[in-house]
Amino acid sequence: MKIELRFFASLRETLKLSQEVLELPEPVTTVGAVRAHLRARGGVWAEALADGRALRMAFNQELAHPDTVVTDGGEVAFFPPVTGG
């Protein structure tokens, strides 16, 4: 299954990447599993997408939970929570 990834704000700066097309291995079927799959790249990926980090996730431009199922051709986005001031 192929999906499009998008990274926003400080996450985009940290990863030095705003988007990527990714072919997912068969067991990766949820937004949370996509996050774990990317974390397994190690280094800055592991730090930026760590479980303890506050990140919002979206699937096809709707806020998603870790157990949200992803489908072929979909878009998964990661971004830090928005703060105001």
To the nearest 0.5 angstrom, please state how far the CG atom of Asp72 sits from the CG atom of Leu24. 9.0 Å
Atom of Ala48, atom of Leu55 and distance for their closest heavy-atom approach: O-CD1, 3.6 Å
Co-membership, hydrophobic cluster, residues Val69 and Phe78, 4.5 Å side-chain: no
Co-members of the apolar cluster containing Phe79 [side chain, <4.5 Å]: Phe8, Leu63
Which pair of non-hydrogen atoms, one from Met1 and one from Val70, has the smallest distance, and what is that distance? SD-O, 3.7 Å
Taking all heavy atoms of Val21 and all of Lys2, pick out the closest pair and write down the distance. CG1-CD, 4.1 Å
Can you measure from CG (Leu5) to OG (Ser18) and round to the nearest 0.5 angstrom? 11.0 Å
Which atoms form the tightest heavy-atom contact between Pro81 and Ala54, and what is the distance? CD-O, 3.2 Å
Quick test of your reading: applying side chain to side chain donor-acceptor pair (under 3.5 Å), list the pairs with at least one residue in residues 23-50, sequence neighbours left out, ordered by first then second residue. Glu20-Arg41, Arg39-Asp51
Taking all heavy atoms of Phe7 and all of Leu17, pick out the closest pair and write down the distance. CB-O, 3.5 Å
Counting distance only, does the side-chain N/O of Asn60 pair as donor-acceptor with the main-chain N or O of Gly74 below 3.5 Å? no
Any pair with a residue in residues 4-18 that passes salt bridge (Lys or Arg N to Asp or Glu O under 4.0 Å), sequence neighbours left out, goes on the list, sorted by first then second residue, please. Glu4-Arg6, Arg6-Glu75
Carefully, step by step, assess Val76 and Thr68 under the rule side-chain contact (heavy atoms from CB on, under 4.5 Å). CA-CA 10 Å; Val76 177; Thr68 299; over 6 Å; no
